[in-house]
Visitor: 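So that we are looking at the same thing, I have put the structure below in structure tokens.
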Number of protein chains: 2
Amino acid sequence: MSDIAKAAKISRQALYLHFPNRAELLVATTRYLDEIHDIDAKLLKSRSAKNGIERLDAWVGVWGNHIPKIYGVAKALLAMKTSDEEARIAWNERMQAVRFGCAAAVSMLLAEGKLRDGLTELEATDILWTLMSVHNWEQLRYECHWSQSRYIKAMKILTKQALVSR
Amino acid sequence: MSDIAKAAKISRQALYLHFPNRAELLVATTRYLDEIHDIDAKLLKSRSAKNGIERLDAWVGVWGNHIPKIYGVAKALLAMKTSDEEARIAWNERMQAVRFGCAAAVSMLLAEGKLRDGLTELEATDILWTLMSVHNWEQLRYECHWSQSRYIKAMKILTKQALVSR
DNA sequence: AAGTCAACTTGACACGGTGTCAAGTAATGT
DNA sequence: ACATTACTTGACACCGTGTCAAGTTGACTT
């Protein structure tokens, strides 16, 4: 908090006049970042895909390219969520929104009969959601030193292999 | 630290007579757990698989079933690693050992010419390593409420889809 | 010109957790 | 009788979060 205050050139206490605690500051920051990067507009665009596979690709592209923009705050929130209940709830809410995006893509595949055999709609959503997690992005991007474009490319392939019937 | 001391029925200070700090206590605990559960013997067994696909399956089974046993400590170590350099290094070392197991399975697939087209050995290792991360286990097991056996089953399928050529 | 309000300041403090230090004790072996 | 080892109690420093009180500053009324 004092680092942030310093960067904002106000006192640490003034920060508490704007945000009741660290968790809410971080949550407000993610909301601000969503707004700045116009995530809603991008999601809307992905919804206009003309078939399930295209929609899956679009979703992976939109969310996968949004991760680096929120990563800084996401990391802080993730670190907090083990000890701070409010941070845990805030993070879970955001991740449920992501899950919703995953479910929409899966649902379109199912409607076209293109969901891989033996996968229920829920299971497929769970898998897509897990593959597209911030942690996986982090691991491939930083631990494995992948570039962002390589990550996106690999994820498009990986998710199709996992979900789409042949 | 005081909770652990309480559970061990010694004073908090006595804990510091055995372990210099929290990070080393946790690391020592993972080592102890590895020993107790005889991870080495299980890995050795998986190494006797007669082909790449069987080896991949065996590896996913061994590591995937080991995760729940180390999860408690792993979680604590993961939570620490953002702020504690020693914890970060300790965790990375353990994860490099896991990566080594992944690399071995991939290498056998490559030798048999069964590695999926367009995948380098390194890329395939990165993908397998990421799929088999503790975070993915955690998400499927707790966030998605999957059973352990379902997790193992799905991971065996998922990794084969991702890595093995058809 | 006086008064009010909002946004900020400085400075103090409580609390919880980690790690350190000093002094004392109790059981074991020599 | 003595030393050693493994512990104890109790104190303290440091850091980060969050709280509280009192004072300052500038802008906007009336």
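Everything numeric in this text was worked out from a predicted model, so none of it was measured. Throughout, a chain's letter reflects where its sequence line sits, starting with A, and its residues are numbered from 1. For the numbers below, each heavy atom of this structure counts, side chains included, while hydrogens, waters and symmetry mates do not.
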Visitor: Nearest to the side chain of A:Leu17, heavy atoms from C-beta on, is which of C:dC8, C:dA12, D:dA11?
Guide: C:dC8

Visitor: I want to verify a distance call: between C:dT9, C:dG19, C:dT20, whose nearest atom is closest to the B:Arg22 side chain?
Guide: C:dG19

Visitor: Calculate the interatomic distance between B:Met1 atom CE and C:dG16 atom P; express it in whole Å.
Guide: 19 Å

Visitor: How many whole angstroms separate atom CG of B:Asn21 from atom P of C:dT18?
Guide: 11 Å

Visitor: Starting from C1' on C:dT25, measure out to CD on B:Gln13 and report it in whole angstrom.
Guide: 15 Å

Visitor: Just checking, is any N or O donor in the side chain of B:Glu54 or B:Trp59 under 3.5 Å from an acceptor N or O on the other one?
Guide: no

Visitor: Report yes or no: is the cationic atom of B:Arg94 (NZ for Lys, CZ for Arg) closer than 6.0 Å to the six-membered ring centre of B:Trp91, at no more than 45° off its axis?
Guide: no

Visitor: For the pair made of CG in A:Asp84 and C1' in D:dG18, what is the distance, rounded to whole Å?
Guide: 12 Å

Visitor: Under 4.0 Å, counting only non-hydrogen atoms across every strand here, what does A:Arg12 touch: a base, just sugar-phosphate, or nothing?
Guide: base

Visitor: For D:dC7, take OP1 and OP2 only and decide whether either is under 4.0 Å from a side-chain N or O of B:His18.
Guide: yes

Visitor: Strictly distance-based, threshold 3.5 Å: is any side-chain N or O of A:Lys42 a donor or acceptor partner for the main-chain N or O of A:His37?
Guide: yes

Visitor: Between C:dG19, C:dC8, D:dT17, which one does the side chain of A:Ala14 approach most closely?
Guide: C:dC8

Visitor: Within this structure, what is the OH-to-P distance between B:Tyr16 and D:dT9, rounded to whole angstrom?
Guide: 16 Å

Visitor: Does A:Ser11 have a side-chain nitrogen or oxygen under 4.0 Å from the phosphate oxygens OP1 or OP2 of C:dC8?
Guide: no

Visitor: When we call it a touch if two heavy atoms are under 4.0 Å apart, what does B:Ile10 touch: a base, just sugar-phosphate, or nothing?
Guide: sugar-phosphate

Visitor: For A:Glu85 and D:dT17, what is the distance between atoms CD and P respectively, to the nearest whole Å?
Guide: 19 Å

Visitor: Do the side-chain N and O atoms of B:His145 and A:Asp126 include a donor-acceptor pair separated by under 3.5 angstrom?
Guide: no

Visitor: Output the rounded distance in Å from CG (A:Leu15) to C1' (C:dT10).
Guide: 16 Å

Visitor: Could you walk me through whether B:Arg22 and B:Glu86 pass the salt bridge (charged side-chain N to carboxylate O under 4.0 Å, His left out) test, one step at a time?
Guide: CA-CA 10 Å; B:Arg22 209 165 104 86; B:Glu86 206 183 339; over 6 Å; no

Visitor: From CG of A:Leu25 over to P of D:dT17, roughly how many Å is that when rounded to an integer?
Guide: 11 Å

